[in-house]
Asker: 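I am attaching a structure below and will ask some questions about it afterwards.
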Amino acid sequence: MNEQNASNGLRVAIAGLGSIGTKIATALDQGIEGLALSAVAVRDPARHQAFMNGLRRSPQILPIDQLGEAADIVVECAPSQHLRSIVEPAVKRGKSAVVVSVGGLLDNFDLVDLARANGGRILVPTGALIGLDAVNAAAIGTIHSVKMVTRKPIDGLKGAPFIVQNNIDIDNLREPLKLFEGSAREAAKGFPANVNVAVALSLAGIGPDRTRIQVWADPTVTRNVHRIEVEADSARFSMGIENIPSENPKTGLITALSVIALLRKQRATLCVGT
Ligand SMILES: NC(=O)C1=CN([C@@H]2O[C@H](COP(=O)(O)OP(=O)(O)OC[C@H]3O[C@@H](n4cnc5c(N)ncnc54)[C@H](O)[C@@H]3O)[C@@H](O)[C@H]2O)C=CC1
Ligand SMILES: O=C([O-])CC(=O)C(=O)O
């Protein structure tokens with residue numbers, strides 16, 4: 001990073017160069033107004049050498065818990081069990097943490113207090129979802145109910161703890177099967193890599209215990225499909241999104257783009273949407 005970026009721009013570090021992280025790193029390397037990629041954390045540096053060599057400017061490679069020292073904004077896009085070691089050092093230093101493994105926040109909610117006490121921020125992008133601007137706005141008034149239905153292809157659900165613990169065979173499904181119905185909080189435990197979106201929705205609206213979700217394994221869909229119904233005193237709205245899976249079949253392609261859009265807003269002159 002050159003001195004001009006260091007003095008005028010925001011330094012961004014990325015934890016995890018998987019399907020989401022590589023796209024954000026590429027976008028930053030190609031140029032986002034006022035932002036520069038300063039550091040990354042990877043599990044196995046050798047596996048990412050070719051990708052790193054392709055970047056125009058090489059960021060530092062650091063352990064995940066040191067990213068907060070090397071950046072103003074740390075983007076968490078690693079498996080959710082690492083959330084704390086990424087976010088805590090950043091917000092303790094008054095930095096911002098962008099969190100995509102949102103489900104992991106529910107068991108680490110004290111990080112919000114830690115951020116508040118130290119002038120840090122935790123930013124949750126809309127991610128693979130839609131319409132959190134409208135949910136935020138409705139939540140200024142009274143939201144009566146938020147209901148969500150998620151359908152995923154079989155490949156996108158394999159290995160989810162709820163499926164494994166309940167010994168459910170989804171490999172031979174010929175028709176959609178409702179796997180789960182309950183709160184966003186319970187869903188995040190059973191499907192930690194599948195329903196981060198439900199937790200983001202809940203944090204924008206009426207919280208993880210009152211936000212209801214169904215999760216379906218659906219051999220008839222090729223996309224990750226999320227449908228949402230919100231009933232509020234200001235409006236009633238229905239939203240839907242059909243995400244094309246990325247190279248990680250659990251993760252929709254739009255997730256990385258949502259983070260890039262959020263990063264662009266940090267220094268953009270014209271910001272559209274709340
Ligand atoms: N908020 C949202 O809308 C969405 C959130 N997600 C969540 O985002 C997170 C990332 O998703 P993907 O990029 O698809 O996952 P991924 O599995 O493609 O990438 C995760 C990366 O983290 C790396 N990693 C693991 N341990 C590490 C460590 N100790 N230090 C550094 N790197 C480490 C892995 O090697 C891998 O490259 C997941 O928790 C996923 O559930 C996914 C989709 C939507
Ligand atoms: O990509 C998606 O459609 C949603 C997803 O995996 C998540 O929320 O964790």
Side-chain angles (χ1 to χ4, degrees), residues 13-26 39-48 51-52 59-67 74-87 89 97-106 108 122-132 148-153 155-161 184 187-204 211 213 215-216 218 221-228 240-262:
I14 299 176
L17 284 184
S19 83
I20 298 175
T22 47
K23 293 181 192 75
I24 300 168
T26 301
V40 297
V42 292
R43 191 172 42 185
D44 174 5
R47 249 190 62 214
H48 299 279
F51 175 79
M52 298 291 280
Q60 284 178 274
I61 299 183
L62 295 173
I64 43 175
D65 56 355
Q66 289 177 23
L67 293 177
V74 175
V75 182
E76 176 281 322
C77 40
S80 61
Q81 66 265 29
H82 299 302
L83 179 125
R84 190 169 197 96
S85 47
I86 296 162
V87 174
V98 175
V99 168
V100 294
S101 304
V102 199
L105 259 189
L106 296 183
N108 290 285
I122 297 180
L123 310 174
V124 175
T126 302
L129 210 58
I130 184 172
L132 295 193
M148 176 166 173
V149 178
T150 288
R151 294 175 185 272
K152 284 203 171 184
D155 276 354
L157 286 160
K158 277 184 184 163
K189 286 198 171 79
F191 302 89
N194 288 114
V195 295
N196 289 290
V197 282
V199 177
L201 175 67
S202 78
L203 295 177
T211 303
I213 176 170
V215 180
W216 290 70
D218 191 340
V221 299
T222 54
R223 299 187 177 202
N224 300 334
V225 180
H226 308 289
R227 305 234 178 268
I228 299 150
I241 189 164
E242 301 185 2
N243 292 326
I244 298 174
S246 63
E247 54 277 22
N248 176 353
K250 297 178 172 64
T251 294
L253 272 178
I254 202 165
T255 316
L257 305 185
S258 171
V259 177
I260 294 165
L262 176 78

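Read the numbers this way: they start at 1 and go in the same order the structure lists the ligands and their atoms. In this text, all values refer to a predicted model and were calculated from it rather than measured experimentally. If you read the sequence from its start, that first residue is 1, and numbering goes on from there.
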Asker: To the nearest 0.5 Å, what is the distance between CZ on R151 and CG on L157?
Answerer: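 So the CZ of R151 and the CG of L157 are separated by 12.0 Å.
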Asker: For P63 and A41, which heavy atoms make the closest approach, and how far apart are they?
Answerer: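 Closest approach of P63 to A41: C-CB, 4.1 Å.
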Asker: Please identify which atoms of ligand 1 are closer than 4.0 Å to at least one heavy atom of L17.
Answerer: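 Numbered from 1, ligand 1 contributes 37 (O).
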Asker: I'd like to know whether ligand 1 has V42 as a neighbour, heavy-atom separation below 4.0 Å.
Answerer: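 For ligand 1, residue contact (heavy atoms, under 4.0 Å) with V42 is present.
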Asker: Say you draw a straight line from CD1 of I86 to CD of Q81; how long is it, rounded to the nearest 0.5 Å?
Answerer: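 Interatomic distance, I86 CD1 to Q81 CD, rounded to 0.5 Å: 9.5 Å.
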Asker: Give me the nearest non-hydrogen protein atom to atom 38 (C) of ligand 1 as residue plus atom name, then the distance to 0.1 Å.
Answerer: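 The protein heavy atom lying closest is S101 OG, 3.6 Å.
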Asker: From atom 7 (C) of ligand 2, work out which of V100, I20, N194, N224 has a heavy atom at the shortest distance.
Answerer: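 It is N194 that holds the nearest heavy atom.
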Asker: By number and element, which atoms of ligand 2 are closer than 4.0 Å to a non-hydrogen atom of T251?
Answerer: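 Listed by number with element: 1 (O).
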Asker: In terms of atom number and element, which parts of ligand 2 are under 4.0 angstrom from non-hydrogen atoms of V195?
Answerer: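 Answer for ligand 2: 7 (C), 8 (O), 9 (O).
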Asker: Is a donor on one side and an acceptor on the other found under 3.5 Å between the side chain of S246 and the backbone of G252?
Answerer: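 Checked: no pair found.
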Asker: So for A41, does at least one of its heavy atoms come nearer than 4.0 angstrom to any atom of ligand 1?
Answerer: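 The answer is yes, since A41 has a heavy atom less than 4.0 Å from ligand 1.
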Asker: Is the shortest heavy-atom distance from the side chain of I213 to the side chain of V195 under 4.5 Å?
Answerer: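 With C-beta onward as the side chain, the pair touches.
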Asker: Polar-atom distance check: H82 versus ligand 1, any N or O pair below 3.5 Å?
Answerer: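 By distance alone, the answer is yes.
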Asker: Provide the number and element of each atom of ligand 1 under 4.0 Å from a heavy atom of V197.
Answerer: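 Checking each atom against V197, I get 3 (O).
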Asker: Considering only heavy atoms of A128, which atoms of ligand 2 have at least one such atom less than 4.0 Å away?
Answerer: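 Checking each atom against A128, I get 1 (O), 2 (C), 3 (O), 4 (C).
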Asker: Look at atom 34 (C) of ligand 1 and say which protein heavy atom is nearest, naming residue and atom and giving the distance to 0.1 Å.
Answerer: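 Checking every protein heavy atom, the shortest distance to atom 34 (C) of ligand 1 gives R43 NH2, 3.9 Å.
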Asker: Looking at every non-hydrogen atom in both residues, tell me the closest pair between A198 and T211 and how far apart they are.
Answerer: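 Looking at all heavy atoms of both residues, the shortest contact is O-CG2, 4.3 Å.
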Asker: Judged by non-hydrogen atoms, does G252 sit under 4.0 Å from ligand 1?
Answerer: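 It does not, in that no heavy atom of G252 comes within the 4.0 Å cut-off of ligand 1.
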Asker: Mark up the atoms of ligand 1 that fall under 4.0 Å of a heavy atom belonging to G127, in ascending order.
Answerer: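 In order of numbering, the contacting atoms are 3 (O).
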Asker: Record the part of E247 in heavy-atom contact with ligand 1 below 4.0 Å; permitted values are side chain, backbone, both and neither.
Answerer: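 Within the 4.0 Å criterion, E247 makes no contact with ligand 1.
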Asker: Do V99 and L123 pass the side-chain contact (heavy atoms from CB on, under 4.5 Å) test, and can you show the C-alpha distance, the side-chain angles, and the key distance before you say yes or no?
Answerer: CA-CA 6 Å; V99 168; L123 310 174; over 6 Å; no
Asker: When you check the side-chain N and O atoms of N108 and R84, is any donor under 3.5 Å from an acceptor?
Answerer: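 Judged by distance alone, the side chains do pair up.
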Asker: CG of L67 to CG of L62: how many Å apart, nearest 0.5 Å?
Answerer: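 Result: 6.0 Å between the selected atoms.
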Asker: Considering only heavy atoms of A78, which atoms of ligand 1 have at least one such atom less than 4.0 Å away?
Answerer: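 Atoms satisfying the 4.0 Å criterion: 9 (C), 22 (O), 38 (C), 39 (O).
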Asker: Give the atoms of ligand 2, by number and element, whose distance to some non-hydrogen atom of A193 is under 4.0 Å.
Answerer: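 Counting from 1, the qualifying ligand atoms are 6 (O), 9 (O).
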Asker: Taking all atoms of both residues into account, what is the closest heavy-atom pair of V221 and K152, and its distance?
Answerer: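 In terms of heavy atoms, the two residues are closest at CG2-C, 3.9 Å.
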Asker: Where do A128 and N243 come nearest, in terms of heavy atoms and distance?
Answerer: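 Distance-wise, the nearest heavy atoms are O-ND2, 2.8 Å.
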Asker: For the residue pair I24 and A256, what are the closest heavy atoms and their distance?
Answerer: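 Of all heavy-atom pairs spanning I24 and A256, the closest is CG1-O, 4.2 Å.
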Asker: Rounded to the nearest 0.5 Å, what's the gap from OG1 on T126 to CG on L132? Could you check?
Answerer: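 Between T126 OG1 and L132 CG, I get 4.0 Å after rounding to 0.5 Å.
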Asker: Could you tell me, atom by atom, which parts of ligand 1 come under 4.0 Å of a heavy atom of G16?
Answerer: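 This gives 22 (O), 32 (N) as the contact atoms.
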Asker: Salt bridge or not for E247 and K23, using N-O below 4.0 Å?
Answerer: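 Here E247 pairs with K23 in a salt bridge, since their nearest N and O are under 4.0 Å apart.
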Asker: For ligand 2, which part of N243 has a heavy atom less than 4.0 Å away: the side chain, the backbone, both, or neither?
Answerer: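 The side chain, only.
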Asker: Identify the closest protein heavy atom to atom 30 (N) of ligand 1: which residue and atom is it, and at what distance?
Answerer: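 Here the closest protein heavy atom is I64 CG2, 3.5 Å.
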Asker: With heavy-atom distances below 4.0 Å as the criterion, list the atoms of ligand 1 near C77.
Answerer: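 Counting from 1, the qualifying ligand atoms are 10 (C), 20 (C).
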Asker: Which residue owns the protein heavy atom closest to atom 17 (O) of ligand 1, what's the atom, and how far is it?
Answerer: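 Here the nearest protein heavy atom works out to N248 ND2, 3.8 Å.
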Asker: Find all atoms of ligand 1 within a distance of less than 4.0 Å from any non-hydrogen atom belonging to V102, and give their numbers and elements.
Answerer: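 Matching atoms, with element in brackets: 1 (N).
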Asker: List the closest protein heavy-atom neighbour of atom 6 (N) of ligand 1: residue, atom name, distance to the nearest 0.1 Å.
Answerer: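 Sorting protein heavy atoms by distance from atom 6 (N) of ligand 1 puts N196 ND2, 3.5 Å first.
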Asker: Need the ligand 2 atom indices (1-based, order shown) with element for anything under 4.0 Å from a heavy-atom of K250.
Answerer: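 Under 4.0 Å from K250, ligand 2 has these atoms: 1 (O), 2 (C), 5 (C), 6 (O).
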Asker: E76 to ligand 1: N or O pair under 3.5 Å?
Answerer: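 N/O-N/O distance below 3.5 Å does not exist for this pair.
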Asker: State if A200 counts as touching ligand 1 under the rule of any non-hydrogen atom under 4.0 Å.
Answerer: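 So A200 does not count as touching ligand 1.
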Asker: Which of the numbered atoms in ligand 2 are below 4.0 angstrom from a heavy atom of H226?
Answerer: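 Ligand 2 atoms under the 4.0 Å threshold to H226: 2 (C), 3 (O), 4 (C).
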Asker: I need the contact type for I20 against ligand 1. Using non-hydrogen atoms and a strict under-4.0 Å cut-off, is it side chain, backbone, both or neither?
Answerer: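 It is both parts that get close, each with some atom under 4.0 Å.
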Asker: Please write down residue, atom name and distance for the protein heavy atom closest to atom 25 (C) of ligand 1.
Answerer: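 In this structure, atom 25 (C) of ligand 1 has P79 CD, 3.4 Å as its nearest protein heavy atom.
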Asker: Could you tell me which atoms of ligand 1, counted from 1 in the order shown, lie closer than 4.0 angstrom to a heavy atom of A193?
Answerer: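 In order of number, 41 (O).
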Asker: Going by distance only, is there an N or O of P192 that falls short of 3.5 Å from an N or O of ligand 2?
Answerer: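 Checking ligand 2 against P192, no N or O pair falls under 3.5 Å apart.
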Asker: Would you say the side chain of P125 lies within less than 4.5 Å of the side chain of V100, judging by non-hydrogen atoms?
Answerer: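 They are in side-chain contact.
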Asker: What do we get for P245 next to ligand 2 when only non-hydrogen atoms under 4.0 Å count, side chain, backbone, both or neither?
Answerer: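 For P245, no heavy atom sits under 4.0 Å from ligand 2.
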Asker: Would you compute the distance between atom CG of N196 and atom OG1 of T255 and round it to the nearest 0.5 angstrom?
Answerer: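 Rounded to the nearest 0.5 Å, the CG-OG1 separation comes out at 9.0 Å.
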Asker: Just let me know how V100 lines up against ligand 1, side chain, backbone, both or neither, with a heavy-atom cut-off below 4.0 Å.
Answerer: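 Within the 4.0 Å criterion, V100 contacts ligand 1 through backbone and side-chain atoms alike.
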Asker: Determine the minimum heavy-atom distance between C77 and I20, stating which atoms define it.
Answerer: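 Residues C77 and I20, closest heavy atoms: CB-CG2, 3.9 Å.
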Asker: Could you check which of A256, A128, S85 puts a non-hydrogen atom nearest to atom 3 (O) of ligand 1?
Answerer: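 The option holding the nearest heavy atom is A128.
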Asker: Does a sphere of radius 6.0 Å around CD1 in I254 hold more than 12 heavy atoms from other residues, nucleotides or ligands, not counting ones at 6.0 Å or beyond?
Answerer: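 No, not enclosed.
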Asker: Hey, does the side chain of E76 reach the backbone of S101 with a donor-acceptor pair shorter than 3.5 angstrom?
Answerer: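 Between the backbone of S101 and the side chain of E76 there is a qualifying donor-acceptor contact (under 3.5 Å).
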Asker: Quick check for you: to the nearest 0.5 Å, what is the distance between F191 atom CZ and T150 atom OG1?
Answerer: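 Between atom CZ of F191 and atom OG1 of T150 there are 10.0 Å.
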Asker: Which atoms of ligand 2 sit under 4.0 Å from any heavy atom of G252?
Answerer: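 Close to G252: 1 (O), 2 (C).
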Asker: Under 4.0 Å, heavy-atom basis, I'd like to know which part of V124 is in contact with ligand 1: side chain, backbone, both or neither.
Answerer: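 For V124, there is no contact with ligand 1 at all, from either part.
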Asker: For atom 9 (O) of ligand 2, what's the nearest protein heavy-atom neighbour? Residue, atom name and distance, please.
Answerer: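 That would be N196 ND2, 2.9 Å.
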Asker: Please test H226 against L129 for side-chain contact (heavy atoms from CB on, under 4.5 Å), starting from the C-alpha separation and ending with a verdict.
Answerer: CA-CA 7 Å; H226 308 289; L129 210 58; 3.9 Å; yes
Asker: What residue and heavy atom of the protein are closest to atom 4 (C) of ligand 1, and at what distance?
Answerer: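 Checking every protein heavy atom, the shortest distance to atom 4 (C) of ligand 1 gives T255 CG2, 3.5 Å.
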Asker: Among all protein non-hydrogen atoms, which one is nearest to atom 12 (P) of ligand 1, and what is the separation to 0.1 Å?
Answerer: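 Result for atom 12 (P) of ligand 1: S19 OG, 3.6 Å.
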